[in-house]
Enquirer: 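Dropping the structure in here first, questions after.
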Amino acid sequence: MTSNEATGSATGRLEVLGNHTDYNQGLVLAMGVGFTMEVRGKKRDDHRLLLHAQDLRQNFAGSLDDLSPRPQMAWANYILGVLQGLKDRGVSLTGLELEISSHLPMGAGLSSSAALTVATQRCLQKLWGFRMDPLEMAKVSQEAEHRYAGVKCGLLDPMAILHAKKDHLVLLDFRSMEVVAIPFPQEAVFVVASCGEKHALVDGEYNERRQSCEEAARLLSVASLREIGLQDLERKKGSLPDLVYRRALHVVGETDRVKRAAVCLKNKDLIGFGKLLDESQASSRLNFENSIPALDKLCEASQESPGHLGARLSGGGFGGSTLHLVEASREKEFLTAFLAKAKKELGHPIEHFVTRPA
Ligand code: GLA
């Protein structure tokens, strides 16, 4: 059934463990957060495209006949990218008005851009009554990032958003594309803290990391870094330049940590699970070099606070947010100590929220 007006909504996502593994066909544990992106749409029949971003108080007026990227309009580009992706798949639309309202903190590493592209697709599907499976929807979102934002990201963000499940972490396998929901114990919560520096994925650091991973796979003669284990990588260390080896070590180590984390979750071993988050952060800092001092300081402040189980940067890195696994019964104690220490170290109050998988 179609209608002239419809709403699409999508949650933000958190990468819990498995950093930069998605485009290396690896494993990720992710979850949805409570905040959402809402897109309200209205059909038109004159091929016009009218977009309004409520929070930014910005408008875009164009036509479905010209979906070329607009460098000055980051948010509108994501929608143009979705429309182009649908057009490429033979979906024909007649014109539309979209109003976007975001309840997600921008640039905090919750992937507001994927939430926008998924919410837009959900809204358009309701308006025109077409269906697409989650993997194809994720690809439309990814293409928008690649072609309209210039970030060669993997499929993690839209896949996590499309499969997010309350009280569960989603285990995503980017080789088989299998998705498994794992119950998340009641005894822990996540604290998300913003380091106050906007992440700069678009600045090329992200794409450069991806290139190093591809170079590692090429030099190791494997199709992707998923095809090699930690021991094998260690044995072949000599065939890689040091920098490329360290990039590969991070990625291969992350998939290994996700495997171990899934076992910890099954056994309700939150201490073991937390240690893997701390290890992930150390590897980001030393091997992948996608942490920055502000993120390191947040993780260090966490480690010295009561109730800390583990902490790491979440998402691409180079800014954004850290994720802290905290004993639920000590949430208040943790926050008091952590926020005071972090404020002292960073020199400003820390924007944060407490969440469980949503
Ligand atoms: C960003 C990208 C994802 C993923 C993460 C790092 O969020 O959009 O595809 O690569 O970084 O794990």
Side-chain angles (χ1 to χ4, degrees), residues 10-33 74 77-78 81 104-118 135 137-164 169-175 177 192 194 198-214 224-226 247-248 250-258 261 276-277 280-281 283-285 287-292 295 312-323:
T11 173
R13 70 94 188 90
L14 277 169
E15 171 200 290
V16 177
L17 189 61
N19 191 237
H20 286 259
T21 51
D22 60 348
Y23 56 82
N24 290 298
Q25 298 194 6
L27 299 175
V28 186
L29 275 168
M31 63 184 244
V33 289
N77 265 332
Y78 290 110
L104 282 163
M106 292 275 180
L110 300 179
S111 198
S112 48
S113 58
L116 175 59
T117 52
V118 170
L135 181 55
M137 286 176 73
K139 286 181 181 165
V140 170
S141 291
Q142 185 192 34
E143 283 170 22
E145 296 269 5
H146 283 201
R147 299 194 288 194
Y148 284 71
V151 184
K152 295 282 177 207
C153 62
L155 284 163
L156 161 64
D157 305 340
M159 284 295 278
I161 290 170
L162 286 156
H163 292 280
L169 297 187
V170 273
L171 174 61
L172 300 152
D173 183 330
F174 288 98
R175 183 168 61 184
M177 297 317 290
V192 178
S194 165
K198 219 177 145 144
H199 71 151
L201 284 189
V202 245
D203 281 347
E205 292 269 22
Y206 183 94
N207 295 347
E208 192 218 284
R209 293 300 184 280
R210 184 171 180 150
Q211 271 170 15
S212 296
C213 294
E214 282 162 4
S224 76
L225 287 178
R226 179 64 184 280
R247 302 298 191 244
H250 177 66
V251 170
V252 175
E254 284 292 281
T255 280
D256 184 67
R257 280 185 278 278
V258 172
L276 294 166
L277 302 191
S280 166
Q281 174 63 20
S283 175
S284 266
R285 183 164 47 82
N287 298 323
F288 214 64
E289 295 174 285
N290 62 333
S291 190
I292 58 170
L295 294 170
R312 60 178 293 266
L313 65 85
S314 174
F318 314 107
S321 297
T322 47
L323 176 79

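In listed order, ligands and their atoms are each counted from 1.
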Enquirer: Indicate whether the side chain of E145 and that of S113 have a donor and an acceptor atom separated by less than 3.5 Å.
Expert: yes
Enquirer: At less than 4.0 angstrom from any non-hydrogen atom of Y206, what atoms of ligand 1 do you find?
Expert: 1 (C), 2 (C), 3 (C), 4 (C), 9 (O), 10 (O), 11 (O)
Enquirer: Any salt bridge linking K139 with E143? Criterion: basic side-chain nitrogen under 4.0 Å from a carboxylate oxygen.
Expert: no
Enquirer: At a 4.0 Å threshold, what atoms of ligand 1 neighbour a non-hydrogen atom of G154?
Expert: 9 (O)
Enquirer: Would you say G316 and ligand 1 have an N/O pair spaced under 3.5 Å apart?
Expert: yes
Enquirer: Would you call R210 and E214 a salt bridge, using N to O less than 4.0 angstrom?
Expert: yes
Enquirer: Could you tell me whether ligand 1 has any atom less than 4.0 Å away from a heavy atom of R13?
Expert: yes
Enquirer: Parallel, tilted or perpendicular, judged at 30° and 60°: which one describes the rings of Y206 and Y23?
Expert: perpendicular
Enquirer: Is there a polar contact, in the sense of an N or O pair closer than 3.5 Å, between C153 and ligand 1?
Expert: no
Enquirer: To the nearest 0.5 Å, tell me how far M177 CE sits from Q25 CD.
Expert: 9.5 Å
Enquirer: In terms of atom number and element, which parts of ligand 1 are under 4.0 angstrom from non-hydrogen atoms of G315?
Expert: 6 (C), 11 (O)
Enquirer: Is it the case that ligand 1 has an N or O less than 3.5 angstrom from some N or O of E15?
Expert: yes
Enquirer: Which atoms of ligand 1 have any heavy atom of D22 under 4.0 Å away?
Expert: 3 (C), 4 (C), 9 (O), 10 (O)
Enquirer: Any carboxylate oxygen within less than 4.0 angstrom of a Lys/Arg side-chain nitrogen, looking at K152 and E208?
Expert: no
Enquirer: Regarding R209 and E289, does a basic nitrogen lie under 4.0 Å from an acidic carboxylate oxygen?
Expert: no
Enquirer: Heavy-atom contact check, 4.0 Å cutoff: does S111 meet ligand 1?
Expert: no
